[in-house]
K.L.:
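Input: one structure, supplied below.
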Protein chains: 2
Amino acid sequence: MMASDVWKEYESNEISHSVAHHLTAIHELMGDLGYARVSDVARALEITRGSASLTLKALKARGLVVEDHNKFLKLSEDGRRIVDSILAKRAVVRKFLNEVLKLDEHQAEVDACKVEHLLSAQTGGQLLHFVHFLLSDDPTAQQFLAEFWSKLDQNEEWQWPVQDVDQLFNLESR
Amino acid sequence: MMASDVWKEYESNEISHSVAHHLTAIHELMGDLGYARVSDVARALEITRGSASLTLKALKARGLVVEDHNKFLKLSEDGRRIVDSILAKRAVVRKFLNEVLKLDEHQAEVDACKVEHLLSAQTGGQLLHFVHFLLSDDPTAQQFLAEFWSKLDQNEEWQWPVQDVDQLFNLESR
DNA sequence: AACCATTGTTTTGCTAATAAAACAACTGGT
DNA sequence: ACCAGTTGTTTTATTAGCAAAACAATGGTT
């Protein structure tokens, strides 16, 4: 039975996908150009200036973005904190998908981009610990990865989607 | 530099979060009650009948839901296929977060629910292979997990979010 | 000065997903 | 037969996020 309070938490996120990319665009523009204006954000995201203007106005009202005396944008302390957490999650998810699960880079990039703003801080932190150990020079980790990859090559295939995943795991693993 | 075609793929998904849960609600109601009507879906999702009626009308138009001569709903072949892929992704992600990363069950449930409809079939399949091997009785997998968990307990902590994840991985891991 | 490009904003309209409320149709109890 | 409850739909309104278009302000070129 689905706890109905679970699926509704999707909307009650700190930030939306759109907001996440408005904020990260400002961050990247500050690095690339040294500044970020409404038009620069709009260009980076390939949306109209009007759309960016409205979204950024809301972000200024929320205190995530601050504006110069000359319409130059900057991340606030809170905005910077959010961008850091998003970029960290994106990086670790991309790394996991690409370097562990061996998905091609574009697929890893796309999927990481889709989930980066949805994962909790706990999940991001635990995943970071996991991937860090997995890709370290620890011999156990390296042996494990080698065996996993060799199994991948052996093409032991289920047809996806699997009907009952729990059954595949022998049911008693709880 | 963000490839701007990447982040826009977020909207171009086969199904939305809302649609995913309308479909899975029908699936679960069929199992629990043996039938599923508009009101049953609305109750299960805790939304109004009006909202469910409109969304389900669109799903009928898309051919994912079919309607009885007496307003009883059923998944079509396509709808069933989508539900299968969603439930499989949800199950494997939940299992990974809870049983590998040791996140509490509620957090695992919530995060899995958020990303289930966003992951590609490739990602779902690869993650299934990975978790299946990781939780198998293969001694290498078990040893790896034991070491990982012991490291977790040792509380080697970064402050999250980590500023530069790539730096943490020594940069040269590609 | 006249012109043009760029910038930022505002207004209007669109879609998806919801709530709220009104309504019609059916069902069951008395 | 009547009343009450349930069901499904429609209409109206809201919010987030976009486009398109109009507009004003600035800045540079000739």
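We name chains A, B, ... by the order of the sequence lines, and we start the count at 1 in each one.
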K.L.:
Would you state whether a donor and an acceptor, one from the side chain of A:S51 and one from the base of D:dA19, lie under 3.5 Å apart?
P.N.:
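Flag set: donor-acceptor pair detected.
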
K.L.:
Both A:S16 and A:G50 contact DNA chain D. Which one's nearest nucleotide lies toward the 5' end?
P.N.:
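Taking each residue's closest nucleotide, the earlier one in sequence belongs to A:S16.
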
K.L.:
Calculate the interatomic distance between B:I47 atom CD1 and C:dA20 atom C1'; express it in whole Å.
P.N.:
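So the two atoms are 14 Å apart, to the nearest Å.
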
K.L.:
Just checking A:H17: base, sugar-phosphate only, or nothing, at a heavy-atom cut-off of under 4.0 Å?
P.N.:
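Touches nothing.
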
K.L.:
Would a hydrophobic clustering, with Ile, Leu, Val, Met, Phe, Trp and Tyr connected at side-chain separations under 4.5 Å, put A:I47 with A:L54?
P.N.:
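No, A:I47 and A:L54 fall in different hydrophobic clusters.
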
K.L.:
C:dT9 P sits how many Å from A:N70 CG, rounded?
P.N.:
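One finds 13 Å between P of C:dT9 and CG of A:N70, rounded.
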
K.L.:
Taking only side-chain N and O atoms of B:S39, does any of them lie within less than 4.0 angstrom of OP1 or OP2 on D:dG8?
P.N.:
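It does, given that an N or O in the side chain of B:S39 lies less than 4.0 Å from OP1 or OP2 of D:dG8.
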
K.L.:
Please pick, from D:dT10, C:dT9, D:dT9, the nucleotide with the shortest atom-to-atom distance to any side-chain atom of A:K71.
P.N.:
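Output: C:dT9.
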
K.L.:
I need the OH-C1' distance between B:Y35 and D:dT7, as an integer number of Å.
P.N.:
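Between C1' of D:dT7 and OH of B:Y35: 12 Å.
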
K.L.:
Does a side-chain N or O of A:R43 approach OP1 or OP2 of C:dT6 to a distance below 4.0 Å, or not?
P.N.:
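For A:R43, the contact criterion (side-chain N or O under 4.0 Å from OP1 or OP2 of C:dT6) is not met.
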
K.L.:
Figure out the CG/C1' separation between A:L56 and C:dT7, and round it to whole Å.
P.N.:
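In whole Å, C:dT7 C1' lies 14 Å from A:L56 CG.
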
K.L.:
Would you indicate whether the side-chain heavy atoms of B:L56 and B:I26 approach each other to under 4.5 Å?
P.N.:
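Side-chain contact under 4.5 Å: yes.
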
K.L.:
Side chain of B:T48: nearest nucleotide among D:dT9, D:dC18, C:dA19?
P.N.:
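The answer is C:dA19, which lies nearest to the side chain.
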
K.L.:
Are B:H132 and B:F96 close enough that their ring centers fall under 6.0 Å?
P.N.:
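Distance test on ring centres: not under 6.0 Å, no.
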
K.L.:
Would you mind telling me which residue lines up with the more 5' stretch of DNA chain C, B:L54 or B:R49, judged by nearest nucleotide?
P.N.:
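Its nearest nucleotide lies further toward 5', so the answer is B:L54.
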
K.L.:
When you compare the side chain of A:Y10 with that of B:H117, does any pair of heavy atoms fall below 4.5 Å?
P.N.:
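They are in contact (side-chain heavy atoms under 4.5 Å apart), so the answer is yes.
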
K.L.:
Side-chain N or O of B:S18 versus OP1/OP2 of C:dT18: is the shortest distance under 4.0 Å?
P.N.:
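Checking C:dT18 against B:S18, a side-chain N or O does come within under 4.0 Å of OP1 or OP2.
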
K.L.:
How do A:S53 and A:E11 order along DNA chain C: which one's closest nucleotide is nearer the 5' end?
P.N.:
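Closest to the 5' end, via its nearest nucleotide, is A:S53.
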
K.L.:
C:dT7, D:dT9, C:dT18: which one has an atom nearest the side-chain heavy atoms of B:H22?
P.N.:
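Between C:dT7, D:dT9, C:dT18, the one nearest the side chain of B:H22 would be C:dT18.
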
K.L.:
Any carboxylate oxygen within less than 4.0 angstrom of a Lys/Arg side-chain nitrogen, looking at A:D40 and A:R37?
P.N.:
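Salt bridge: yes.
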
